[in-house]
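Written below as structure tokens is the structure these notes are about.
Chain letters run A, B, ... following the sequence lines, proteins first and then strands; every chain starts at 1. All heavy atoms count here, side chains included; hydrogens, waters and symmetry mates do not.
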Amino acid sequence: MGPVPRTLELFYDVLSPYSWLGFEVLCRYRNIWNINLQLRPSFIGGIMKDSGNKAPALIPRKGQYMANDIKLLRQHVQVPIQFPKDFFFVVLEKGSLSAMRFLTAVNLEHPEMLENVSRELWMRIWSRDEDITQPQSILAAAEKAGMSAEQAQGLLEKSSTSKVKNQLRETTEAACRYGAFGLPITVAHVDGQTHMIFGSDRMELLAYLLGEKWMGPVPPAVNARL
Amino acid sequence: MGPVPRTLELFYDVLSPYSWLGFEVLCRYRNIWNINLQLRPSFIGGIMKDSGNKAPALIPRKGQYMANDIKLLRQHVQVPIQFPKDFFFVVLEKGSLSAMRFLTAVNLEHPEMLENVSRELWMRIWSRAAEKAGMSAEQAQGLLEKSSTSKVKNQLRETTEAACRYGAFGLPITVAHVDGQTHMIFGSDRMELLAYLLGEKWMGPVPPAVNARL
């Protein structure tokens with residue numbers, strides 16, 4: 001039996017574009033590196049509040065930078081990411097609480113579906129500029145991910161239970177305890193040490209910490225690890 | 001004659017640790033990539049004021065993150081960078097105005113010395129291993145005097161304003177002029193993206209030494 005895979009915890013919120021980029025890169029590497037990728041749906045609003053930080057786009061030049069940055073990263077990382085027309089309304093006003101509660105419910109009941117449903121929610125808000133706050137929006141994403149309407153409806157109902165609300169709160173608090181002031185954060189457990197890495201642009205540093213090879217954000221597809 | 005080198009302008013302040021890391025990486029690649037690296041000493045205090053941004057370390061968790069990040073990058077990027085013991089005093093109170101005026105004077109009078117003197121200043125603030133930059137005491141004194149002239153103050157102000165016009169909200173920024181387009185890249189952790197824009201190969205922050213471009 002080979003060496004034990006190293007656990008990487010990815011704390012993310014579908015409201016966060018860089019979370020999507022980090023997510024896709026790590027999903028590509030999960031069959032290349034000796035890692036165990038654990039997805040941790042979190043609530044970026046809670047992290048901002050707890051850390052005293054604010055959304056970067058509130059500084060005009062940072063917002064402008066992000067818009068350009070996302071355009072370039074779309075090509076470089078090969079993810080169909082696009083700024084919503086009304087960024088402030090979508091990101092700063094509507095937010096992501098229901099979506100992240102839904103993903104928390106998915107993770108509790110059908111964790112094998114978490115990756116797909118997360119992706120479909122990102123595709124809605126950060127690719128097709130579609131809503132993710134209304135129940136029918138969330139159900140549409142779940143069904144596109146391969147869930148039956150019944151399953152999706154059941155999870156939507158579970159989303160508003162204390163159990164799910166508390167789980168999202170706990171995951172968000174865990175991110176805060178790791179030192180998060182935003183998302184995404186990747187927490188790598190390597191050789192008895194814990195490293196928290198912020199953002200989607202430190203994956204090469206992560207590879208260095210893991211002693212793995214970095215082959216850029218779009219690594220050549222390799223044989224899945226047996 | 002080969003293709004025209006692409007101009008990269010690196011706007012930096014020695015107060016900024018990530019400026020040092022970006023600087024060293026670009027200095028390594030200047031003889032590997034087909035680029036013309038132009039160093040632009042700037043004043044980060046002016047950029048923060050003009051953009052409405054604030055030093056990241058004012059958010060406690062960001063300050064904590066930076067401290068850890070710098071420790072890891074020290075090894076990964078192989079630069080002897082270390083948080084000063086009295087970080088808040090050194091970085092947030094003392095600041096860098098005199099140092100950046102001095103570098104502006106160096107750039108006006110002895111641009112060939114700018115790289116070494118910049119590095120020496122970073123070594124003083126951000127490392128324990130300071131060396132001498134190779135300037136004579138006379139030269140240094142002369143430049144120190146020039147630092148407080150209007151000419152130098154204005155030049156620093158202009159360079160800082162240029163960074164602001166490129167959209168800077170902090171430092172370092174690398175402005176790449178490629179195929180008639182201008183790209184502004186913030187930070188020292190986007191060099192792989194820069195390579196992609198230049199159509200060059202990224203070999204990590206410590207590329208194997210190659211024959212200097214003839």
By a 4.5 Å heavy-atom criterion (distance strictly below it), what part of [X] contacts chain A: side chain, backbone, both, or neither?
X	answer
Gln64(B)	neither
Ile59(B)	side chain
Asn68(B)	neither
Ile185(B)	both

- Message: Only pairs of heavy atoms separated by less than 4.5 Å count here; which of Gly52(B), Pro56(B), Cys164(B) has the most with chain A?
- Response: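 With the most close heavy-atom pairs to chain A, the winner is Cys164(B).
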- Message: If we define contacts as heavy-atom pairs under 4.5 Å, which of Met184(B), His76(B), Lys62(B), His183(B) has the most with chain A?
- Response: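 Sorted descending by pairs with chain A, the first entry is His76(B).
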- Are the side chain of Thr7(A) and the backbone of His189(A) linked by a donor-acceptor contact shorter than 3.5 Å?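 Not a single qualifying donor-acceptor pair exists.
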- Under the 3.5 angstrom rule, does the side chain of Arg124(A) hit a backbone N or O of Ala141(A) as a donor-acceptor pair?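 No, because the side chain of Arg124(A) does not come within donor-acceptor range (under 3.5 Å) of the backbone of Ala141(A).
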- Query: What are the two closest heavy atoms between Ile47(A) and Ala180(A), and how far apart are they?
  - Reply: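 Result for this residue pair: CG2-O, 3.8 Å.
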- Check step by step if side-chain hydrogen bond (donor to acceptor under 3.5 Å, both in side chains) holds for Tyr29(B) and Glu200(B). CA-CA 10 Å; Tyr29(B) 275 94; Glu200(B) 298 276 8; over 6 Å; no
- Message: For Arg119(B), is there an ion pair with Glu115(B) - N to carboxylate O distance below 4.0 angstrom?
- Response: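 Salt bridge flag = yes for Arg119(B) with Glu115(B).
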